[in-house]
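A note on names: the letters A, B, ... follow the listed sequences, proteins ahead of strands, and every chain is numbered from 1. Every heavy atom of this structure was used, including side-chain atoms; hydrogens, water molecules and symmetry mates were not.
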2 protein chains.
Amino acid sequence: MATIRDVAKLAGVSVATISRYLNKSGYVNVETEQKIKKAIEALNYEPNTVARGLAGKKTNTIALILPDISNPFFPELARAVEDVASMYGYTVILCNSDDEGVKEKSYIEVLKKKYIDGIIFASNTLDSADVEQMAKKGIPVVCLDRVPPKQSCSVVRSKNREGAKLAVEHLLGMGCRKIAHIYGPQEFITAKERLVGYEEAVKHLDWYSPTFMIQGDFRIEGGIRATELLMERHPDVDAIFAGNDLMAVGALKALHRMGVQVPGQVAVCGFDGIGMTEITQPELTTVAQPIYEMGALVSRILIKKIEGTLEADQTYELDVALVPRESTLRRNGHESS
Amino acid sequence: MATIRDVAKLAGVSVATISRYLNKSGYVNVETEQKIKKAIEALNYEPNTVARGLAGKKTNTIALILPDISNPFFPELARAVEDVASMYGYTVILCNSDDEGVKEKSYIEVLKKKYIDGIIFASNTLDSADVEQMAKKGIPVVCLDRVPPKQSCSVVRSKNREGAKLAVEHLLGMGCRKIAHIYGPQEFITAKERLVGYEEAVKHLDWYSPTFMIQGDFRIEGGIRATELLMERHPDVDAIFAGNDLMAVGALKALHRMGVQVPGQVAVCGFDGIGMTEITQPELTTVAQPIYEMGALVSRILIKKIEGTLEADQTYELDVALVPRESTLRRNGHESS
DNA sequence: ATTTTATGTGTAACCGGTACCACATACTTA
DNA sequence: TAAGTATGTGGTACCGGTTACACATAAAAT
């Protein structure tokens with residue numbers, strides 16, 4: 001591998017000039033430029049990223065910290081992040097935090113020492129204080145799905161409350177009368193907001209009772225258990241709105257095992273819009289988040305922040321969309337468009 | 001951030017001694033050691049990874065190049081890779097190649113300039129010549145699912161041919177008489193081997209005809225189309241063995257649309273063992289690859305290779321296991337254990 | 001005619017580590 | 001007793017870039 005000094009020697013100029021040429025900083029004569037171009041060509045020279053990183057404290061690398069890439073929500077997000085990162089010449093480091101603060105912190109330490117340019121948090125553990133600290137140390141951070149931590153970083157999220165209402169309205173529109181909700185762990189903002197949205201949408205209805213809300217764990221297994229409990233408690237429910245798609249899948253499984261017809265007896269609606277919803281039987285109605293767009297946006301924001309072209313930190317709330325499918329299709333249903 | 005020189009000054013020794021202490025290379029007096037420890041503590045010193053990378057050409061970073069992280073096969077693999085990497089103090093860079101040679105090559109260029117320590121290829125585009133070249137340039141490479149490229153790198157794969165036979169035998173054991181196969185793109189070794197396995201297992205049977213083999217694209221859509229074609233061509237098939245789970249899911253969907261009972265009229269078996277197979281209705285029988293283990297192994301091998309503790313390049317063929325589920329359950333079936 | 005300003009280039013310090021080599025002691029060993 | 005070896009430490013050149021600063025010249029402004 002040729003170095004900048006080799007190029008300088010061959011081109012008959014100093015390394016400073018080469019550097020100036022490479023970074024288009026400062027003046028370089030057109031003729032000199034030609035000589036340099038030729039030398040670079042001849043030596044097949046490629047600037048060394050690590051040396052650049054050391055000298056400039058910029059590595060063109062960002063980190064994506066998420067709970068678990070094998071959770072079906074994240075691959076698409078990661079793909080989006082990587083797509084726009086690579087488009088802008090950045091490389092992505094993948095970190096699985098399992099939502100454990102310790103792991104998250106240890107990753108952050110490692111990443112700082114690597115002169116990472118910025119971090120995307122799609123993990124729920126980090127508290128505002130941590131984010132604050134990062135911000136203070138000059139590491140650009142962008143978060144996904146969390147309340148703005150005192151506006152020290154940008155946040156991308158989607159309209160969970162509205163989404164939950166959309167779901168309930170859709171179910172009502174399809175003729176459902178008693179709609180239960182399986183909510184996710186309340187330490188997750190998303191779960192909380194969806195629960196609030198559900199409550200707001202149903203609390204004024206005559207059948208409403210808090211017993212229609214039941215806790216899940218955002219996973220299939222939790223959806224199954226919650227559904228079993230729910231059906232025992234309220235054999236009369238005719239719709240289940242799950243706080244995420246995995247739990248909705250669980251509901252589907254549980255209902256199937258119980259011999260309950262979906263959507264005939266009970267309609268099921270999920271939230272997230274992961275690919276799985278298209279392969280269940282029946283296909284799952286869901287409130288889809290624009291997952292890819294969220295990833296792309298969060299990545300773009302981070303890069304802007306890194307490159308100093310971001311005006312101000314902001315919270316972006318993306319629209320969700322109800323995707324009606326078989327699991328909520330009721331023969332007597334009339335979609336209220 | 002304190003530097004090694006700050007520590008040296010505070011401890012009253014030279015940077016060389018600090019470096020020796022940090023890397024446990026060369027002698028350091030016990031008392032000196034204590035002084036250094038104290039100084040490091042006091043300054044909260046952490047060696048800078050980038051500087052180390054530049055000086056030592058070792059960055060403790062590996063790259064994982066795969067076709068697409070949003071393809072459900074890869075998240076679990078990526079998780080495994082990252083798990084063992086982080087266990088050994090390595091960081092993982094994620095690259096989506098879309099199986100396009102150009103992208104792959106461009107990633108490799110970027111990665112080389114970053115002094116990446118090694119690469120895991122789970123992508124199918126790279127030819128032996130490329131791998132050879134990498135090997136020559138001293139970049140450790142380990143591949144997934146490909147024929148050993150002239151043994152210039154280690155390869156981890158699973159027993160595709162055996163797996164296909166397992167599938168066919170299982171289907172026969174369940175009483176199926178006419179088993180079709182939807183095979184994947186033949187540029188993928190895995191697809192080819194599974195096809196061969198299928199052929200070997202059925203060619204001696206009286207009903208056998210090449211028309212029972214039909215091409216898919218390793219995706220759901222292709223599975224659907226292939227199944228439609230197949231059922232038109234052979235309305236008498238009673239089992240479909242798909243070259244991967246996604247196509248099996250497609251088959252399930254297509255059959256469901258046609259009103260064909262699964263497993264009643266047609267049994268369906270997939271290959272891979274991705275999570276999706278557990279949420280279809282009926283749940284999908286599949287030949288499961290040990291995906292996590294493959295990722296963990298490939299990662300461990302790469303790290304060994306990087307650290308020079310790998311004796312020799314080798315091909316590891318992992319066992320696959322038939323996971324019988326509803327989609328192949330036939331009332332008159334008698335599992336041949 | 002003189003001062004600015006724009007253009008063009010080189011020297012060398014610096015980023016923060018690693019590691020080779022020299023040098024100094026204190027023990028062994030021949 | 002001289003040579004050899006294990007222990008301990010420091011100086012400093014490197015890794016391969018960036019960039020502040022000094023300096024030179026030509027064109028423009030006063």
Determine the contact category for [X]: base if any of its heavy atoms lies under 4.0 Å from a base atom, sugar-phosphate if only primed atoms, P, OP1 or OP2 are that close, otherwise nothing.
| X | answer |
| --- | --- |
| A/Val15 | base |
| A/Ser19 | base |
| A/Glu31 | nothing |
| B/Tyr21 | nothing |
| B/Val28 | sugar-phosphate |
| B/Glu46 | sugar-phosphate |
| A/Thr32 | sugar-phosphate |

Is [X] reaching over with its side chain to a backbone N or O of [Y], donor-acceptor style, under 3.5 angstrom?
| X | Y | result |
| --- | --- | --- |
| B/Ser154 | B/Gln314 | yes |
| B/Asp68 | B/Ser70 | yes |
| B/Asp117 | B/Ile306 | no |

Whole-Å distance separating the [atom1] atom of [X] from the [atom2] atom of [N]:
| X | N | atom1 | atom2 | answer |
| --- | --- | --- | --- | --- |
| B/Lys58 | D/dG16 | NZ | P | 18 Å |
| B/Asn60 | C/dG17 | CG | C1' | 14 Å |
| B/Asn48 | C/dC14 | CG | P | 17 Å |
| A/Glu33 | C/dT7 | CD | C1' | 13 Å |
| B/Ile4 | C/dT18 | CD1 | C1' | 8 Å |
| B/Leu22 | C/dT18 | CG | P | 6 Å |
| B/Lys24 | D/dG8 | NZ | C1' | 16 Å |
| B/Leu54 | D/dT18 | CG | C1' | 12 Å |

Under 4.0 angstrom between [X] side-chain N/O and [N] OP1 or OP2:
| X | N | answer |
| --- | --- | --- |
| A/Asn23 | D/dT18 | yes |
| B/Ser14 | D/dG10 | yes |
| A/Asn29 | C/dG8 | yes |
| A/Lys57 | C/dG16 | yes |
| A/Tyr27 | C/dT7 | yes |

Task: Bend angle of the helix from C/dA1-D/dT30 to C/dA30-D/dT1, from helix axes over five pairs at each end, nearest 10° - done: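 One end axis against the other gives 40°.
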Task: Spatial distance of atom CG (B/Leu318) from atom CD1 (B/Ile291) [nearest 0.5 Å] - done: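 Between B/Leu318 CG and B/Ile291 CD1, I get 11.5 Å after rounding to 0.5 Å.
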Task: A/Arg79/B/Asp98 ion pair, N-O < 4.0 Å - done: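 Yes, A/Arg79 and B/Asp98 are salt-bridged.
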TODO: Side-chain contact test, heavy atoms from C-beta onward, threshold under 4.5 Å: evaluate it for A/Ser123 versus A/Leu66 and give yes or no.
DONE: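 The answer is no, as the side chains (C-beta and beyond) never meet within the 4.5 Å cut-off.
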Open item on the list: With a 6.0 Å cut-off (strictly less than), is the heavy-atom count around CD of A/Glu187, excluding the residue itself, greater than 12?
Closed with: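 Yes, because the 6.0 Å sphere around CD of A/Glu187 holds more than 12 heavy atoms from other groups.
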Which nucleotide in the list [options] gets nearest to the side chain of [X]?
| X | options | result |
| --- | --- | --- |
| A/Ala55 | C/dT9, D/dT18, C/dT18 | D/dT18 |
| B/Arg52 | C/dG17, C/dG16, C/dG10 | C/dG17 |
| B/Arg20 | D/dG10, D/dG17, C/dG17 | D/dG10 |
| B/Tyr115 | C/dA6, C/dG16, D/dC15 | D/dC15 |

Task: Check: D/dG17 base within 3.5 Å donor-acceptor of A/Arg5 side chain - done: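 It does, because a donor-acceptor pair links the side chain of A/Arg5 to the base of D/dG17 below 3.5 Å.
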Open item on the list: Test salt bridge (Lys or Arg N to Asp or Glu O under 4.0 Å) on A/Glu109 and A/Lys112; report intermediate values, then the result.
Closed with: CA-CA 5 Å; A/Glu109 283 313 304; A/Lys112 275 200 311 203; 3.5 Å; yes
Open item on the list: If I compare all heavy atoms of B/Lys105 with all of B/Asp130, which pair ends up nearest, and what's the gap?
Closed with: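 What the structure gives for the nearest pair is CE-OD1, 3.4 Å.
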Open item on the list: Nearest heavy atom decides the nucleotide; on that basis, is B/Gly26 or A/Thr3 closer to the 5' end of DNA chain D?
Closed with: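 Counting from the 5' end, the first nearest nucleotide belongs to B/Gly26.
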